[in-house]
**Q** 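My questions will all concern the structure given below.
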Amino acid sequence: MTDANIRIPSDARDRLAAIAAGEGMSLRAYLTRLAGTLLTPAERTERAERTRAMLREWNGYDPTPAEETRLDAELDRRMTEAGAR
């Protein structure tokens, strides 16, 4: 595997290095592990589509775009409320 150089602010690098050290890892190993746990936008879209299809087949759940917008707003509200506690 070839290496790549990524330019980020030094405070972000230092924070990531401290987090990695706290996990007993090098920054390189930590970032490699982190990259393996995150989804790309395309992967998130594909996972969401699979989940919607599964729910539709399982119990008929198939919200309209308007319902999705309302539910997303409600989830955002609840997450904000929970974070304020």
**Q** How about Leu27 and Ile19: do any of their side-chain heavy atoms sit closer than 4.5 Å?
**A** no
**Q** Identify the heavy atoms of Asp62 and Glu67 that sit nearest to each other, and give their distance.
**A** O-OE1, 4.3 Å
**Q** So, using side-chain contact (heavy atoms from CB on, under 4.5 Å) as the criterion, who are the partners of Glu49 when residues are at least two apart?
**A** Thr45
**Q** Indicate if Leu71 and Leu75 have the same hydrophobic cluster label, given that clusters are the connected sets of ILVMFWY residues with side-chain heavy-atom separations under 4.5 angstrom.
**A** no
**Q** Residues in side-chain contact (heavy atoms from CB on, under 4.5 Å) with Arg70, at least two apart?
**A** none
**Q** Indicate the atoms forming the closest heavy-atom contact of Glu43 with Leu38, along with that distance.
**A** OE1-O, 4.0 Å
**Q** Could you pull out all residues at least two apart from Arg33 that satisfy side-chain hydrogen bond (donor to acceptor under 3.5 Å, both in side chains)?
**A** Glu23
**Q** Would you compute the distance between atom CG of Leu16 and atom CE of Met25 and round it to the nearest 0.5 angstrom?
**A** 12.0 Å
**Q** Within the supplied structure, the quantity of interest is the number of heavy atoms (other residues, nucleotides, ligands) at a distance under 6.0 Å from Glu57 CD; does it exceed 12?
**A** no
**Q** Only counting residues at least two apart or in another chain, list the ones meeting salt bridge (Lys or Arg N to Asp or Glu O under 4.0 Å) with Glu81.
**A** Arg77, Arg85
**Q** Can you run down the side-chain hydrogen bond (donor to acceptor under 3.5 Å, both in side chains) pairs that involve residues 2-19, sequence neighbours left out, and say none if there aren't any?
**A** Asp3-Arg28
**Q** Kindly compute the distance separating OG1 (Thr37) from CG (Leu34), expressed to the nearest 0.5 Å.
**A** 4.5 Å
**Q** Can you list everything that forms a side-chain hydrogen bond (donor to acceptor under 3.5 Å, both in side chains) with Thr80? Sequence neighbours excluded, please.
**A** none
**Q** Which heavy-atom pair separates Ala20 from Ser26 by the least distance, and what is that distance?
**A** CB-O, 3.7 Å
**Q** OG1/Thr51 to CZ/Arg44 distance, rounded to the nearest 0.5 angstrom?
**A** 13.5 Å
